[in-house]
Trainee: 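Handing you a structure now.
All residue numbers refer to positions in the sequence shown, counting from 1.
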Amino acid sequence: MTDPHYPELTATDSLASLLCQKLGETDITLRVVPYQESIENPSVAPDEQSVLLKYSRWNVTFANTERSIYLTCSEDRRLFTCHCSEYEIPRARLQTSHLEEVAHLFRLWVLEQMDSADLAHARGVGSVQVFPRISAHKVVDEQWAKYDTHLADDPLGLNLLDFYQVAKATPELRQLFPFTSMWNLCFSRCTHYPFTRDCPHVRAKEKFKSHAVVPGYYEVFLRERYLGEGPAVIAARIVVRYLPRNCGPALLCTETNFQYFSEPL
């Protein structure tokens, strides 16, 4: 059955095959694999010599070691949305109804490595929304500011509020990127997901039988390893004690690329 918004996508044609047609001859090796194959086989990954095109029927990712485009199709109208990232950091977005523009964007962003600021003025790709570059320091500041209200306004977040306030006043922790996971307060040495997992995390202490929260008392873990417990000030000291050696400010990157950067982008 033909989709009214995407008549070229039949039961046998995938978005990937159509994009390959639009790309035509390109001076690059294009490795095309289904998403499921890339999930089942972790060795399927972008490299410096080729571009990996991962696809399902309605989603496509172009990626090499530095750049990627994640493409989705809207269900209620004909609209392709392209998310352009550099080292997994979002840099620009394009929305268009023309596959030709998607293919041209691929050439400019992934193959020609065009700067994101120049995409806004590039011919043949329509209106591109370019995200302003931001420092890692500002990303960290904004995240801490978000939790000022986020924890106070959430009943479960209130259990972490005392520790959060102490952590925010502790320089070694304030320089890291805070985030919550299953109502643990965690710290990352990078600013974007996937986060680093080498810093301790903290959760509110619960009574053994009733599971009632012990106010102002916290347990500290590094992954599944128990490190200690105590009031907020003590818990913060335990976290600092077990931070990675030479732990500095969070970097503007993901865990995937953390090892490649010695200073913020």
Side-chain angles (χ1 to χ4, degrees), residues 42 45 65 85 87-90 134-265:
T65 52
S85 297
Y87 293 111
E88 300 185 275
I89 307 299
I134 187 171
S135 69
H137 178 75
K138 187 172 183 180
V139 174
V140 170
D141 282 350
E142 291 178 350
Q143 182 75 350
W144 281 98
K146 183 184 81 170
Y147 280 117
D148 284 343
T149 54
H150 179 63
L151 294 180
D153 292 342
D154 190 289
L156 292 175
L158 283 173
N159 297 329
L160 292 169
L161 191 57
D162 285 349
F163 174 77
Y164 164 82
Q165 291 172 339
V166 171
K168 188 175 181 180
T170 304
E172 295 90 341
L173 303 183
R174 180 61 178 76
Q175 67 181 346
L176 301 175
F177 185 84
F179 67 99
T180 54
S181 176
M182 300 298 290
W183 291 107
N184 294 278
L185 185 60
C186 310
F187 302 94
S188 171
R189 295 200 286 162
C190 64
T191 57
H192 287 71
Y193 180 85
F195 302 119
T196 58
R197 297 166 292 171
D198 53 2
C199 297
H201 59 270
V202 174
R203 69 185 183 199
K205 174 77 172 181
E206 294 182 351
K207 295 180 180 179
F208 178 69
K209 291 185 177 181
S210 66
H211 296 289
V213 169
V214 180
Y217 204 85
Y218 302 92
E219 296 177 313
V220 184
F221 293 84
L222 181 56
R223 297 180 182 173
E224 300 301 320
R225 178 187 170 196
Y226 172 79
L227 301 179
E229 61 185 68
V233 172
I234 300 301
R237 290 175 184 170
I238 296 172
V239 175
V240 170
R241 186 187 312 153
Y242 286 94
L243 288 176
R245 182 177 299 178
N246 299 322
C247 183
L251 304 184
L252 190 71
C253 63
T254 66
E255 181 189 35
T256 309
N257 296 293
F258 181 81
Q259 61 181 319
Y260 300 114
F261 302 109
S262 58
E263 59 183 17
L265 292 176

Trainee: Of the non-hydrogen atoms in Ser85 and Pro90, which two are nearest, and what is the gap between them?
Mentor: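 Smallest heavy-atom distance, with atoms named: OG-CA, 3.8 Å.
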Trainee: Ignoring hydrogens, what is the shortest heavy-atom contact between Ile238 and Glu229? Give both atom names and the distance.
Mentor: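 Taking Ile238 first and Glu229 second, the nearest heavy atoms are CD1-N, 3.7 Å.
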Trainee: Using the rule side-chain contact (heavy atoms from CB on, under 4.5 Å), only one of Cys247, Cys190, Ser188, Cys186 pairs with Leu176; which is it?
Mentor: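 Option passing the side-chain contact (heavy atoms from CB on, under 4.5 Å) with Leu176: Cys247.
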Trainee: Decide side-chain contact (heavy atoms from CB on, under 4.5 Å) for Val214 and Lys207; before the verdict, give the C-alpha distance in whole Å, the side-chain angles of both, and the deciding distance to 0.1 Å.
Mentor: CA-CA 7 Å; Val214 180; Lys207 295 180 180 179; 3.9 Å; yes
Trainee: Tell me, do Asn184 and Val202 make a side-chain contact under 4.5 Å, heavy atoms counted?
Mentor: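 Side-chain contact under 4.5 Å: no.
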Trainee: Please name the pair of heavy atoms, one in Val139 and one in Phe177, separated by the smallest distance, quoted to 0.1 Å.
Mentor: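 In terms of heavy atoms, the two residues are closest at CG1-CE1, 3.9 Å.
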Trainee: Does Gln143 use its side chain to pair, donor to acceptor, with the backbone of Pro178 at less than 3.5 Å?
Mentor: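 Checked: pair present.
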Trainee: Between Phe179 and Phe195 (judged by ring centroids, cut-off 6.0 Å), do the two rings come close enough to count as a pair?
Mentor: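 Yes: the rings meet the under 6.0 Å criterion.
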Trainee: Using ring centroids (six-membered ring only for Trp), state whether Trp144 and Tyr164 fall under 6.0 Å.
Mentor: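 Close enough - the centres of the two rings lie under 6.0 Å apart.
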Trainee: Side chains of Asp162 and Tyr218, heavy atoms from C-beta outward: is any pair under 4.5 Å?
Mentor: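 Yes, side chains in contact.
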Trainee: Which distance, rounded to the nearest 0.5 Å, do you find between the CG of Leu151 and the CG of Asn159?
Mentor: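 Reported value, rounded in 0.5 Å steps: 10.0 Å.
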Trainee: Work out which heavy atom in His201 is nearest to a heavy atom in Arg223; give both atom names and the distance.
Mentor: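 For His201 versus Arg223, the nearest heavy atoms are CE1-O, 3.1 Å.
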Trainee: Compare all side-chain heavy atoms of Phe258 with those of Cys253 and state whether any distance is below 4.5 angstrom.
Mentor: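 They are in side-chain contact.
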Trainee: Between Val239 and Leu173, which heavy-atom pair has the shortest distance, and what is it?
Mentor: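 In this case the closest contact between Val239 and Leu173 is CG1-CD2, 3.5 Å.
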Trainee: What's the separation between atom NE2 in His150 and atom CG in Leu160, rounded to the nearest 0.5 Å?
Mentor: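 So the NE2 of His150 and the CG of Leu160 are separated by 9.5 Å.
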Trainee: Rounded to the nearest 0.5 Å, what's the gap from OG1 on Thr191 to CD on Glu142? Could you check?
Mentor: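 That separation rounds to 11.0 Å.
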Trainee: Given the rule in the side-chain contact (heavy atoms from CB on, under 4.5 Å) test, do Phe221 and Leu227 qualify, once you have shown the distances and angles that lead to the verdict?
Mentor: CA-CA 5 Å; Phe221 293 84; Leu227 301 179; 5.7 Å; no
Trainee: Say you draw a straight line from CG of Asn257 to CD1 of Ile89; how long is it, rounded to the nearest 0.5 Å?
Mentor: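 Going from CG on Asn257 over to CD1 on Ile89, the span is 8.0 Å.
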Trainee: If you measure from CZ on Arg237 to CD on Glu172, what distance do you get to the nearest 0.5 Å?
Mentor: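 It is 11.5 Å, given to the nearest 0.5 Å.
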Trainee: Any side-chain heavy atom of Leu243 within less than 4.5 Å of one from Arg189?
Mentor: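 No. Closest side-chain heavy atoms not under 4.5 Å.
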Trainee: Is there a side-chain contact (heavy atoms from CB on, under 4.5 Å) between Glu88 and Thr256? Walk through the geometry before answering.
Mentor: CA-CA 8 Å; Glu88 300 185 275; Thr256 309; 2.9 Å; yes
Trainee: What pair of heavy atoms forms the shortest contact from Tyr147 to Thr180, and how long is it?
Mentor: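 Looks like OH-N, 3.1 Å.
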Trainee: Distance from Arg174 atom CZ to Lys168 atom NZ, nearest 0.5 Å?
Mentor: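 Here the interatomic distance stands at 6.0 Å.
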